[in-house]
Every structure is written in structure tokens, then in C-alpha cells.
Q: 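Dumping the structure here so I can ask a few things about it.
Sequence lines set the chain letters: A, B, ... in the order given, protein chains first and strands last, and positions in each chain run from 1.
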Amino acid sequence: METMIELQGLSRRFGTVTALTDIDLTIQKGELFGIVGPDGAGKSTLLRLIAAVLDPSAGTAHIHGFESVREAEQVKHHIGYMPQRFGLYPDLTVAENLDFAAQLFGVKGAQRTERLHRLYEFTNLERFKSRPAGLLSGGMKKKLGLACAMIHHPAILLLDEPTTGVDPVARRNFWDLLSGLHAEGITTVVSTPYMDEAERCNRVAFLFKGRVLACDTPEHIKEKVPGKVVVLETSDNRRAHQLLEDGILILDIQTYGEQLNLVMQSDTPHVLDAIRQRLDGITIHRLEPAPIRMEEAFIYLVNQAEREVLA
Amino acid sequence: MMLAIARKEFIHILRDRGTFLLVTIGPLFLMVIFTYTLTTDVKEAPLAVIDLAHNDASTALIDRLDASPKIHVERHLASADETDNLFKRGEVVAAVVIPADYGQVSLTRVPQVEAIIDGTEPISAETVLTEVYQIADAHSRELAGDALQSDLFEPPIYTTQERLYNDALSSKVDFYPGLMGMMLGLPAIALSLSLARERENGTLEQLMATPIAKRALLLGKLWPYLGFGMVDVYALLALGQWVYDVPFTGNLLAYSLIAFLFMFASLGMGLVVSVIARTQQVAVVIAILVFFIPPFFMSGTFFPVDAMPQLVQLEMMSLPATHFVTAGKAIYLQGTALRELWLQVVLLTVISVEMLEVSTFIFRKKVVGGFRRPAPPVLTTKENALS
């Protein structure tokens, strides 16, 4: 296996604010690697450090074997970076934006024609060729961004929240594109606040308050949650929450709209009966075991990290 | 790569109406306004006449004064005492006293008229004064006739001034080439905004992640503005030649070279501003302070450079506009040869190279100082978004 990205003790401060603390990560060739975390966790900062458009305050980053500070310009030949904000020119048409990207990376002649053709096919953007990029829909903009980032066949793709602000259909569509790239063996690092997207990655790094809480495959991360998840829906969730808060039988309670997710050591019928008894006086609509999702895992890890800080 | 940047910058200029107007008709428009408001040519200035002679000669003189396009005889007064009040009310800017013995030519002298001017209106008063003396002088010579030949004649007749290059004493001719230095600052202001705009729009971050060389990026941005700037140069020359009657007397090629170097140097300064300023607002304030105000006051357009404190003079030497005004004026109005302006050519070249180097040196392909949060997501489903 070939290491494409290696981060050692990477930290970044902005004035008195520490955005990233001591990040160690190794990403192998061909991985579809997810950086997952809430807003403000440091996802963009981390991607910017990898893209060599930001220098670390401490630590080192090696991208495709090049050091990100001293050899920043070499790094840029091997990466395709898509910032979180739309980084293309709204007054230029789709075709002009792609042409510009091709010129910047010195892609010309037959190679240019061939790649443009493939990217148009891949993104379905051909019919919008002469539309100004600023007039594209959110999903189309992201696709154009991806196409521009791929014009030079980079070894590594860095995509910062490529599906934020995109409708669900376009999101699915975009992820299908990413899966296609993964099949071709391109190393992709993608940041996202969406947990369902995290499930589609090979490996995921959970970022919270500038630290990596966990880095593993989605399956292994879900295994970190001790016990089982039980879904509870009642006539009075607030009251139910209060009644169960004492921690007996229950490790963690998470609220999801109309339902409560109880993280418990066991979900046997016997234990569920015990819960029913404790909720005396409240109408229970639903009480049943459910599979653990990334979301529960992440919330569990965050709660654990905050308990550690308090302890 | 530089061509790629130049091409897309050119498209930006064409498609952004504000920028397009700023670099095309902007300089012409401003020139028209400035020329209109700054015209100091005096026309039909009100004059008071105190005729103490009341004879044929004095009447002839008054008629001649009134006939001048610059003067209009507004009032006839009995004595000079009243002039003060007229000045205070602004009714006249000057008064002419014709002595009682006017027109009585002796062998040795011709009686001279006396002019009183309102010192609070120096520009028009001086023009009027010159005009009055010239007319009175010509009249005196006619009256004196043969007596002029006599050696005994004194005091000498008021000598007429001879003015080179600007015979008509038109102030437009004087300031037009100088004003061009100011108007041609507009493309530089537009360029100053361009990098800051990319920083604000987030397109700079995308550019930073490409292997583009800093110099190629900055130079690429400069060329289109230089192109539009040169178009402005010729448009302004045409405007001067055919609309304002400011005849171009020099070598057009020599002028083009000077203008090119000046545009390059001031656009280079525009790049420096662009790299330093983080937002467009900051860029535009700095740009106006650098490209607009100093050329107006300092480049010798209206105020002589020699009269300024040394420190200010030194500062002016670093401004491209100063050298452009000096050299441009010389070629434009006097037809000076380029070889006599080698110093300006050298200085403009030095400033050009220096500005390009400085901007390349201080520009960093890094997103420094953290990042701005983007607009909130348009669509987030409750189950999927963590907050």
C-alpha cells in the first residue's frame, strides 16, 4: 500500500483560537476517506492544510511525498481541491471555467479534448456548457467544481463539504460520482457534516473541537458504542427523559425529533419490560431495538469526550 | 498560464458593467467634467472704468477694452473711490483709471492708464490686468506715433509678454496633458479591486490550490487593464485634439512609449494595493489615495513641484504620475524629443519593475487569518445534519 497523505502532530491556531490540535492521520492510496464533524470542528482548516493553501502552526503534512510548507507548489500538481465556497467564476460560462482550469494545469491538445469530453459525460454538464456558472443550481455548481478539480487527473481529490447546500437528490447523485472515482482508484478526502455520507466512506475520521475522536472504518466506529440502541416514542418525551435520566440500565439518551434513542447495555425483552415499568403513567407508542448508526456513534463519542473534559 | 489569467480577466472586464465603464469611458467622462469645471479662461470679466479725460482718445480706449472677449465694461464711475464697494459686492473684478491728460502726447512721454484689481480673485484679475495693459499699450503706441522713435521717450512703453507654446493663454492647454495622468489612474483603481474581489468571492482560494506562479498570476491580471489603459490614452488624445483644441505637437510614438511605461508602473502599484488590501472597500480607499489625490496635487498639474517641501518632492518622485506629467506635457505641448526625456523613461521603468517585484514578493498563496463562514446551507434535513 502506498501512503498518499501523512499528517504528524498537525496543529493550527488562529490568534488565540486553536482550530486543530495534534492531528495524526495516514491516508492510503485509493481510499475514500471521510472527515466528519459538526460545523466549527476544524474540517475546512484540515483540508486547507492538506491542500497546502494554509501553513500549520505545528507539525508536518506530507502529500504525495511532498512536504506541505517547503514543497507547497509540488503538492499542488498532485491535488484537486474544491473549497467549501464555490471557487469558480460566476461570470464565466461552464465551458470557460473548465477551459481556464485546463490552461492553469497545462492540459492541452488532444488530452484536453479527451478529458473535457469525459468530464462532461461524467457530470452531465454538457448541455449547460454556455451557461454562466453563477446561474447553475447548487448541485450543478458542485459538479462543475469537481470537474474543474479533476481536469489534471490529480492523484488526490480534496473536497470540502461538497454536498452542503445541495438538495437530497443531487447529494445522492454526487456521491454516486464519488463512488465511481473510488472504483477508479483515486484517493479522495471528503469532509461532511452528514452522517449518512460518512457511512459511504472506507474510513472516517471523527473531528470534534479540533481533535480526532476516532479514526476507523464505519463498522469499527459503530462497534465502539457499547451496548444497543433502543428507540422510544411516548406521549410525553420530556417526562420520559427525566424518568430515565438516572442512568440505571441506560448509558446515554439522545433526542431525535419525536423519538428518544436509548443507548443500553442490553436490549433483551426482559430489560425492555423494566423500562416500561419505569415509565408508568406515560403512554408508550413505540419501544424497540434498532441498529446503531454513525449518528449514534458520533454522539456517543462526543458525549464521552465531554465527560472526559469534565472529569 | 499567464495568458489564461489574462484571458479570463479580460472576460471579467467585458462582463462586469461597472469595471467596463470604469476602464473605458470613465477617464473620458471624468476628463470632460474636470475640463469643464477647471477652465480658468476668463470671458467677459466685469470691469469698471473711471474716465477722467473724457476725450476722443479715452472713448476709443474704452471701446477697445469693451471689444475684447475677455472684458466687459460693466460700470462707468466718476471717481476711484467707488471701486471698493463694487469689489466687495463682486460686481467688478477690476477697475481702470484713465488720467485726465490721456491722449496728450508729448515728445517724451505718453500718459499711462492705471488699473486696480480685486486681489481676492487672483486668476481672473490677473488675466484682466494683462489684457488691459496689452490693449492700453497698443493704443499708446498708436497715439505716440513717431515720437516712439525718439531716444528721449520714457518711460518705455509697456512691453508685451510673449508666451511660448500656449499663445492663446488657454488654461485648458496647460492642464490637459497633466490631467491625463490623473484620468489614467482609473484602470489602476479597477485593477486594485480585482484581487480583493477574488479574495472576497472565494475564487482566490481555488487559484491558490493550483500550481500557478505568483508572477504569472499578477502579470496576467495586469495586461488586460494595460490594454484598456492604452485605448484610454488614445481616446483622451483624440478628445484633446478635436474637442478641446489642445494640439498635440510631439511624436505620437514617443508619447505612446511614455504612456505605456506610466500605465505599467501605475498598474504595478495597483497590484501592490490589491495584494495588501483584503477587501474591496479597503482597496478602493487606498487606490483613490494613491492614484487620484497625489497626481492632482503633486504631479505639477496645478501646483509647481519646485515650490514644494523637499520631502514632498521626494515622495512625488516615486509616483509614476509625476514623471508621466513631466514627460507627457513636454512631448504633447512642446514636441520635446524622447532622448531629452531619458530620465523619465528610466524612472518609470524602474518603478514598473520595482512594483511588480514588490507585489510578487508580498503576495502569498495562502489563506491566512482563518476563514469566513459561508452562507448557511440552503437545505438540511433534520436527520442528517448535526449541529
Q: Would you mind checking which part of D99(A) comes under 4.5 Å of any heavy atom in chain B, side chain (CB onward), backbone (N, CA, C, O), both or neither?
A: side chain
Q: With a 6.0 Å cut-off (strictly less than), is the heavy-atom count around NZ of K214(B), excluding the residue itself, greater than 12?
A: yes
Q: So for Y81(A), is it side chain, backbone, both, or neither that comes closer than 4.5 Å to the heavy atoms of chain B?
A: both
Q: Between E198(B) and Y89(A), is a side-chain contact (heavy atoms from CB on, under 4.5 Å) present by the stated rule, with each step listed?
A: CA-CA 9 Å; E198(B) 290 219 33; Y89(A) 298 95; 2.6 Å; yes
Q: Would you indicate whether the side-chain heavy atoms of D91(A) and K8(B) approach each other to under 4.5 Å?
A: no
Q: With a cut-off of 6.0 Å (strictly less than), are more than 12 heavy atoms of other residues, nucleotides or ligands near CZ of F292(B)?
A: yes
Q: How close do A72(A) and K366(B) get, heavy atom to heavy atom, and via which atoms?
A: CB-NZ, 3.8 Å
Q: What closest approach, in Å, do I11(B) and E96(A) show between heavy atoms, and which atom pair accounts for it?
A: CD1-OE2, 3.9 Å
Q: Can you confirm whether R197(B) is buried at CZ, in the sense that more than 12 heavy atoms of other residues, nucleotides or ligands lie under 6.0 Å from that atom?
A: yes
Q: Which heavy atom of L92(A) sits nearest a heavy atom of H12(B), and at what distance?
A: CD1-CE1, 3.6 Å
Q: Can you tell me if Y234(B) has over 12 outside heavy atoms packed within less than 6.0 Å of its OH?
A: yes
Q: Do other residues, nucleotides or ligands put more than 12 heavy atoms under 6.0 Å from R200(A) CZ?
A: yes
Q: For V53(A), is there any backbone N or O sitting under 3.5 Å from a side-chain donor or acceptor partner on K365(B)?
A: no
Q: Could you go step by step and tell me if L3(B) and Q103(A) meet the side-chain contact (heavy atoms from CB on, under 4.5 Å) rule?
A: CA-CA 9 Å; L3(B) 270 179; Q103(A) 287 167 0; over 6 Å; no
Q: Could you tell me the separation between the CZ atom of R85(A) and the CG atom of N201(B), rounded to the nearest 0.5 Å?
A: 6.5 Å
Q: Work out which heavy atom in M1(B) is nearest to a heavy atom in L104(A); give both atom names and the distance.
A: SD-O, 3.0 Å
Q: Most heavy-atom pairs under 4.5 angstrom with chain B, which of D55(A), L158(A), I79(A)?
A: D55(A)
Q: Using non-hydrogen atoms and a 4.5 Å limit, figure out which bit of I5(B) sits close to chain A: side chain, backbone, both or neither.
A: both
Q: Can you tell me which of V75(A), L88(A), V17(A), N97(A) forms the most heavy-atom pairs within a distance under 4.5 Å of chain B?
A: L88(A)
Q: More than 12 heavy atoms of other residues, nucleotides or ligands under 6.0 Å from CZ of R15(B): yes or no?
A: yes
Q: Counting C-beta onward and ignoring hydrogens, is there a side-chain heavy-atom pair between R48(A) and E205(B) closer than 4.5 Å?
A: yes
Q: For E73(A) and T210(B), which heavy atoms make the closest approach, and how far apart are they?
A: OE1-O, 4.1 Å
